[in-house]
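Here's the structure we're looking at; comments come further down.
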Amino acid sequence: MASAVKLAWKVPYQGRAHLLLYDTVATMTWNKGLRSNANSLFIVQSSGTGKSRTAHEHSKLEKKGFPYPFPDNAIREHLHNAPRAFLSARLYFLKFLFDLFSAVLEEVETLKDWLEPAKTYGDVAEAWSFYLEEKGRNNLYRRVVRMEYEKFLEEEEIEVKDESDPAVFNLIAKQTQNKISGLISFIGKLVGDEKCKSPDARVVVSFDEAQYLTNISIPTSADLPPRTLYDAFCAATNEILPSPVFFLFLSTQFTLWRFVPPQTMSLLDRIISYSDQNNIRPPFTELPLDCFGDEPLIRPGEKTLKDVSTIHFMSQFGRPMFSSLMGAMVHGTELHMVNLARAKLIASGKPNIAQMTDDAKLAVLAVRLLLDLNTSRADTQARLARLVQNHMAIAFSIPKHREALSVGYPSEPILAEAAARQMYDMRNGADAVNVSLLLQEFAERGLVDKGERGELVARLIFTLAYDEAAETYEKDTSENRDDPVDESSEFPFYSRGVPLKYFIKALFGKNHAEHIFKSHPDNVRNGQTFEQAFERAWVRFTHFQRAGDSSVITTEVAWAAAARAMAFQCSSGQAGMDIFIPVVLRDEKLQEEIMTGILVHLDDRVSAETKVRAEIDERDIGFFQTQPADGLNANTDSRPYITIVMELGVLPFYRTQSENEAKSNATKADCAPSPAENSTATKNFATSSWCPETVAHPRYSIFAIGCSPSVYNVVDDKDVYATLLSSRHILQEHSRQTPDSLSAVRRLKPFWIAGPECFDWVGETKLSSEDPAEEPVVEGVYTGNELRSVAE
């Protein structure tokens, strides 16, 4: 792996992130003036996103001059040896900058003959980058750390008695600017630009692993906030603001209050006045994902499910680390990529469950389940920063006020496969944990925002069912499978995909599944059975992603989603749809014409009194995208689709779980149905009237009522899921959960509902009466035709 990492650096750079960085630096340089901290920018992002490589490629661009090469141990130790007093450290760093530019100028002057063929600034920058990388890097570093600045002070007859003396500091800053001017002038003469009047940044200095400067605190007076060596370094760079120099700081650490403190706490020292707080720019996070060359990774009709399930293909998606390493790896070692992703995801090379931190467990679940962290908690931002720093999360954006992070896990198939394998260990290892119980624990601690309408629970159920299906399919076909992965692996290969029938069995259990397989479409007469219509169908989703709008809930997107092994959580504005799982109808090359999907709607509550159940019609959302070919009728496209209405039983916010259970038990005691009555319970359910008009696409409807082991095969503890489905509201958080205490809280009227707690003051009316007991509900799984036949 070490040799592959070295070779990966030589893989041709893909993407335009270095050009975006170029434009960002140019814009900031043009607008910096003499404002404090306007000549520096942090590049902060997750591991493997190409921070160092982007800065390296940026250094070769025209007019970007001569970037200081990435620091080695000698430079790092030199910077860490700075005095532990702010003013002394500021002077120390200014001396370092003088030494740096003096050494670079001397080095460039000795290379005059070698650089003379250069015709543009870009030529010089690329030649200088090559020289440092291949020949002169170590020599330059040694010269910088060994330069005797005191000798310069003696020659200039400067005596430093007080390091806070502005006159001394200004003089040294002026001499540093002179060195920079000399360097720029020399290069300008080489390329025929002797006036060098451009306001562009001519010198870019890059510091990799810059968090080391922020981790060292230095004493400060009682009336000033805590400061670090980084603060002192910024104070030194402020003294050369007139020079066209720009500083880049690279890091995986997202400790915002150290790098770029929020405006509410931004005060480096007396040099940075309150009027200059807005000059501190949020970090640069716009690094590349999905890096590829001029040719697309896949076109419609090019690859089958087997083709897109190879480690090599999957590594082309996501952060550039995966694709560049894969390009440098020896054939037959592809699974090392998954192991690397797994180790980085949990921040440990030993996936021991007992040693996993909460952050690591949260990261594994977040990759697959699209978790939303609860941003209302005071410690959330620190946790988000740790996920970026240690657990492969991506920082999507930082607002101007710098008081928050937008963090998540974009679609990276390799990382999703790694997370699936870690979940397998979490469920089956020596220190096995119940994933649903772990998620409940995170929710109860307020770490996870459970979302709306039971969406998180639905994603969990689908993911667990997919995993079980993959594991069962692996066992059933292990002897006859011609596979692209290592057969010696101890884990199932989740990214292979599974037949739809395996998924339905894992989701609803064998009995419900057999019933579904024999069902017919509910919108056409004399249609095929489910089993016939989906005989060769497959699903492939190892992770969920969020749809921005309805444009991705189509069969045109379905084939691309299957290629990435992802399903969609629909946007909040998507009417009547909550989850979309792509389905491949047959084992052919992926394209729109062989795609359909499972369209899922979540109903908040389970109620036997519901007379009209929700239905999903693909025509309402424009799901099928194929346009009829010349001479063909649109009805020739008769691809089927599946709808699932999940009535999970989301607990209303105004009732706690304990109250709901007490009320439910009382109702059951009064009117519990006998086993014989259960068979006719579906008479309570009806759907909208059936119209026997001709439709193009047969619909196979499934209604899953309840959230218990009797409904879903993967639900092992009904109480755990009930807790996940309950709202985190004032009543749930109240310290005393007795009926009298909760009733007293409702009487304080933090919200209004019908009942005596809010309306006893109007006398005995419907408003003040107790909520009537609901008719008991018989949980189960039903097809659309079952409910419709009862209605008719």
Side-chain angles (χ1 to χ4, degrees), residues 427 435-436 454-473 475-476 497-522 528-535 537-541 544 567 578-583 596-603 606 613-616 640-650 678-679 681-682 685 687 698-718 720-722 724-725 777-788:
R427 290 184 285 111
V435 173
S436 58
E455 293 166 346
L456 175 58
V457 168
R459 295 196 299 270
L460 173 63
I461 289 174
F462 286 131
T463 299
L464 292 177
Y466 179 85
D467 286 359
E468 181 173 315
E471 292 156 17
T472 303
Y473 182 71
K475 295 176 183 177
D476 291 350
V498 296
L500 177 64
K501 291 190 292 186
Y502 274 78
F503 176 65
I504 295 297
K505 283 183 180 180
L507 180 62
F508 294 117
K510 181 179 179 180
N511 291 338
H512 287 316
E514 293 298 333
H515 188 61
I516 292 170
F517 294 158
K518 295 176 183 177
S519 68
H520 293 266
D522 64 353
Q528 291 181 308
T529 65
F530 184 106
E531 189 169 27
Q532 292 170 330
F534 297 99
E535 181 181 5
W538 281 60
V539 291
R540 180 177 186 254
F541 65 100
F544 280 92
D578 296 285
I579 288 173
F580 166 42
I581 300 175
V583 175
T596 184
I598 301 174
L599 311 181
V600 182
H601 171 71
L602 304 178
D603 262 0
V606 172
R613 307 208 102 83
E615 289 185 341
I616 304 172
Y641 66 105
I642 302 167
T643 67
I644 300 179
V645 176
M646 303 175 73
E647 298 190 11
L648 295 170
V650 178
N678 287 347
S679 61
T682 54
F685 306 122
T687 60
R699 178 183 63 196
Y700 294 81
S701 299
I702 301 170
F703 294 85
I705 302 169
C707 186
S708 70
S710 66
V711 180
Y712 297 104
N713 176 60
V714 292
V715 172
D716 50 7
D717 190 328
K718 182 176 182 178
V720 171
Y721 283 83
L724 282 171
L725 289 167
V777 174
V778 179
E779 295 182 332
V781 179
Y782 308 92
T783 64
N785 276 331
E786 285 181 302
L787 300 186
R788 179 163 284 116

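The figures that follow rest on heavy atoms only: side chains count, while hydrogens, waters and symmetry mates do not.
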Taking the six-membered ring for Trp, are Phe503 and Phe541 parallel (under 30°), tilted (30 to 60°) or perpendicular (over 60°)? perpendicular
Using 0.5 Å steps for rounding, measure from the [atom1] atom of [X] to the [atom2] atom of [Y].
| X | Y | atom1 | atom2 | value |
| --- | --- | --- | --- | --- |
| Asp716 | Leu464 | CG | CG | 8.0 Å |
| Glu615 | His601 | CD | NE2 | 11.0 Å |
| Ile516 | Lys501 | CD1 | NZ | 13.5 Å |
| Ile461 | Leu456 | CD1 | CG | 10.0 Å |
| Ile644 | Ile581 | CD1 | CD1 | 6.5 Å |
| Phe517 | Thr529 | CZ | OG1 | 10.0 Å |

Do [X] and [Y] have side chains that approach each other closer than 4.5 Å (heavy atoms only, starting at C-beta)?
| X | Y | answer |
| --- | --- | --- |
| Thr596 | Phe534 | yes |
| Ile598 | Leu500 | yes |
| Ser436 | Leu460 | yes |
| His515 | Tyr782 | no |
| Ile579 | Phe544 | yes |

So which heavy atom on [X] is nearest to which on [Y], and how close?
| X | Y | value |
| --- | --- | --- |
| Val711 | Gly780 | CG2-N, 3.8 Å |
| Pro698 | Pro521 | CB-CB, 3.8 Å |
| Ala470 | Val498 | CA-CG1, 3.4 Å |
| Val539 | Pro582 | CG1-O, 3.8 Å |

Can Phe462 and Val600 be said to form a side-chain contact (heavy atoms from CB on, under 4.5 Å), step by step? CA-CA 11 Å; Phe462 286 131; Val600 182; 3.8 Å; yes
Name of the residue among His512, Lys505, Glu468 meeting side chain to side chain donor-acceptor pair (under 3.5 Å) with Asn713: Glu468
Among residues at least two apart in sequence or on other chains, which ones pass salt bridge (Lys or Arg N to Asp or Glu O under 4.0 Å) with Glu471? Arg427
Show me the donor-acceptor pairs within less than 3.5 Å that the side chains of residues 700-709 make with the rest of the protein, sequence neighbours left out.
residue	atom	partner	partner atom	Å
Tyr700	OH	Gln528	O	2.7
Ser701	OG	Asp522	OD1	3.4
Ser701	OG	Asp522	OD2	2.7
Ser701	OG	Thr643	OG1	3.2
Ser701	OG	Arg699	NE	3.2
Ser708	OG	Ser710	N	3.4
Ser708	OG	Ser710	OG	2.8
Ser708	OG	Glu779	OE1	2.5

Ile616 and its side-chain contact (heavy atoms from CB on, under 4.5 Å) partner, picked from Ile642, Leu599, Asp578: Leu599
